[in-house]
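The structure appears below as structure tokens.
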Amino acid sequence: MSSVNIDYPEEKVQGMFYDLIKKHLNSTRRHDVEMITKAFNLAKPLHDKYSSSRKNGDPYILHPLAVAHIVCSEMNLGATSICCALMHDLVEDTPIKLSDIKREFGETIAEIVDGLTKIADGKEPPADLENFLHQFRSTQKDFRVILIKIADRLHNMRTLDGMPENRQRVIANQTMHIYVPIAQKVGFFSIKSELEDLSFQYINNDEYLEIAYQLKKSEASCNKLFDRFAEQLKKRLDELGIKYTMKARMKSIYSIWNKMNSKKIPFEEIYDIYAVRIIFEPVQNRTEKSICLDIYSKITDFCEINQNRTRDWVSFPKPNGYQAFHLTVMGPEGKWIEIQIRSRSMDEIAEKGIAAHDKYKGDITNENPELDSFLRSVLEILKSPKDILETLSDVKSILKGENDKIAIFTPKGERKYLPSGATALDFAYELHTNIGNSTIAAKVNGILVPLSYKLNSYDRVEIITSNSQQPKQEWLQYISTAKAKKYINQALTRINKKAIYKGQLKVFDALEKAGLKTDCPQIDKLALYFSFINREDFYRSVEEGHISLDGKALKKIINGREYKTWENFIRKTFKIRTKGSLKENLQADILTRTIEIKGSDKLGLLAEMLKTISADFKVNIFRLNIEVTDGIFICTTQLDMHDIDESKKIFDALSKIEGVLSVRRVED
């Protein structure tokens, strides 16, 4: 497909495109105006013909143009990313094929556009998961996929007011849980803050407006405070003979709300609403760290410092590359003021993340092992999901953990990053799956601690292992990372399968020795007798030694001599102690009801249900049917209840049993 030659569109679109070219030419990237123009000339007529107008009536092409502007000026990405931003919706919304883009623009651009193209509707969790999986897989080939996706989401959030209210909340919540932590992970702090505020505006509009009003009301006094403090500070900094700029930064609305909420304090008690940011230019033959310390020294010469609020992110950069020196000092009028000290390059990285590096082209994971580890963690969770909602929850927990990392050291001094709240067992799995699976203890700073011990930043951790150790079910209570959860569950599944297999062999052997058949009906009868609704739980219980398979008892159960009737079987199995028959003593006002109970196929659940019905409520059971499909059982039973109130109580009691999904009456 050759480049389409058309006249530039209406004035608004034309102006945006020319402005994009101007910003690109002013950037530090390699300039390729011809390729960008070619991408625009392809996207414009196709979107005009096949895409719907945006909610405000603007032509659709304004959206990819706006995304391209964000990619260029707010993310500092080059011509390749700009072209992909202009064409990111083409394959999804128009007849053009990926092969056409590959032929016209090459394989790299085609791969990025493919990664940005939705493969499902995205309105339901399964579709969301498929799209995230697709994007993260594409990110392994070229990291620019996720960066352009952040730009796409940022523009969608800036124009979200045109969407229906219910969709606004859905999109805002998804942005807060997925895109905000990703933006922070790659270092786009200004974009991250804007996404938080935009999301918060739709999630909790009343509190958003209240804080915005309070900020507006306090703006004048805060500006005066900054001017007075800056005047005093400038005299000291000028003595250093360095070039610098100083500006005030207002805390974001969401950040203020988050602090008010977490500390349970009113707006008036937030003392760091405004921060002073000092950005200095590099000095030949001097390190940036030494200049930071000189500035720090000058500030503390005339200001009282809050020692608990000092952070050295220069010596110990955050995993996403963020560097700065933070301190909080007592300013004029007894107000605490936060100060951030950065070099020009530190500021660029803080605002534009990894894309601030001029050498960045697309594959940065080799230079940033923590980022590579983050991507691999997400991919590990997404590879073979068993439950989609649980998988999405695990992905969100990884992203949430990325916002607040702690640095942990191995005995050899190697630094590892884990989410705040991680335990010694989480650290073991971070080192290696086999280490995690064989962990028996841990030493933190030389002291023996339990596996559930929560680590603190800069702890030195030694993991003690044993070849005879294997994961246990209770380990799931000791961990907080999705990675550890995944590998513990995998190990428990293997252990469980092995126990089921060994138990099955024991059951077959016992039946054969008793001269009985080993077919499914016989085993199902045995399983039900011992209160199990599936063979697997029965086999596992046998292997774990909870059930003794005596030959004589087996014959009685299988041949029916252990119980004469179904009623007798229920009595003996579930230890129901009522006088006479189950139908005896029915009163005239007895209500006969058939109910359906759905639940997870869980060990002992049937016994607990029948105990609730017969033992706790003394209700008679005289019909019971059970079906199990794909781990879900359906129990249909006919009960004689004394009155409607008792019926409601039984329904409530059954609903509260762990593993029961639903209880309903079935018409007889």
Side-chain angles (χ1 to χ4, degrees), residues 69-77 81 143-144 146-155 157-158 175-201 215 245-259 262 270 272-280 288 292 309 311-328 338-358 360 364 367-368 370-371 374 398-407 417 419-420:
H69 271 269
I70 295 169
V71 162
C72 176
S73 58
E74 297 183 52
M75 290 184 165
N76 196 36
L77 299 180
S81 298
F143 198 73
R144 284 170 286 196
I146 207 67
L147 302 184
I148 299 168
K149 188 61 188 174
I150 292 172
D152 177 43
R153 178 51 62 109
L154 177 57
H155 183 250
M157 289 301 299
R158 286 172 176 174
T175 300
M176 187 69 85
H177 290 118
I178 299 293
Y179 292 96
V180 164
I182 293 176
Q184 170 141 340
K185 180 63 186 176
V186 297
F188 289 130
F189 288 102
S190 57
I191 289 177
K192 170 250 183 189
S193 293
E194 185 178 353
L195 286 174
E196 281 179 334
D197 274 3
L198 288 169
S199 300
F200 184 55
Q201 181 179 357
L215 284 175
T245 57
M246 187 167 27
K247 57 185 179 182
R249 176 199 63 87
M250 186 176 71
K251 206 175 189 72
S252 71
I253 292 176
Y254 175 75
S255 181
I256 293 171
W257 174 84
N258 201 32
K259 195 163 191 176
S262 62
I270 304 290
D272 57 350
I273 290 174
Y274 277 78
V276 176
R277 185 170 293 164
I278 300 169
I279 303 166
F280 62 86
E288 293 180 340
C292 283
R309 297 278 299 170
R311 299 289 184 270
D312 181 6
W313 298 116
V314 177
S315 302
F316 299 97
K318 290 187 177 183
N320 55 20
Y322 176 83
Q323 287 184 289
F325 205 102
H326 291 198
L327 63 154
T328 301
E338 181 183 286
I339 302 175
Q340 301 171 357
I341 306 170
R342 301 175 181 174
S343 68
R344 180 65 61 190
S345 61
M346 291 177 192
D347 189 61
E348 281 287 310
I349 292 171
E351 294 302 311
K352 297 180 179 177
I354 56 172
H357 298 287
D358 285 342
Y360 171 71
I364 49 80
E367 298 170 10
N368 191 330
E370 291 303 324
L371 186 56
F374 157 70
I398 291 176
L399 295 171
K400 184 178 180 181
E402 292 299 320
N403 280 353
D404 192 10
K405 286 275 195 171
I406 55 175
Y417 288 102
S420 179

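For the numbers below, each heavy atom of this structure counts, side chains included, while hydrogens, waters and symmetry mates do not. Along the sequence shown, the residues carry numbers beginning at 1. Note that the coordinates shown come from a computational prediction; the quantities given were computed from them, not determined experimentally.
- By the side-chain hydrogen bond (donor to acceptor under 3.5 Å, both in side chains) test, R158 is found to be paired with E74, E194, residues two or more places apart in sequence or in another chain being considered.
- Side-chain contact between M75 and S81: absent, with no pair of heavy atoms (C-beta onward) separated by less than 4.5 Å.
- Summarising the geometry, atom CD1 belonging to I341 is positioned 10.0 Å from atom CE belonging to M346; distances are rounded to the nearest 0.5 Å.
- Q201 is linked by a side-chain contact (heavy atoms from CB on, under 4.5 Å) to L198, N205, Y208, counting only residues two or more places apart in sequence or in another chain.
- Looking at I339 and R309, their side chains never come closer than 4.5 Å, going by heavy atoms from C-beta outward.
- Electrostatic pairing of E348 and R344 does not count as a salt bridge here, judged by no charged N lying under 4.0 Å from a carboxylate O.
- A side-chain donor-acceptor contact under 3.5 Å links D197 to the backbone of I253.
- Side-chain contact between I182 and K149: absent, with no pair of heavy atoms (C-beta onward) separated by less than 4.5 Å.
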Please assess E196 against M176 for the test side-chain contact (heavy atoms from CB on, under 4.5 Å), listing each intermediate value before the final yes or no. CA-CA 6 Å; E196 281 179 334; M176 187 69 85; 4.1 Å; yes
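- Across all their heavy atoms, Y417 and P317 have their closest contact at OH-O, 3.2 Å.
- Side-chain contact between K259 and I256 is absent, with no heavy-atom pair separated by less than 4.5 Å.
- Taking the side chain as every heavy atom from C-beta outward, V71 and L147 never approach each other to under 4.5 Å.
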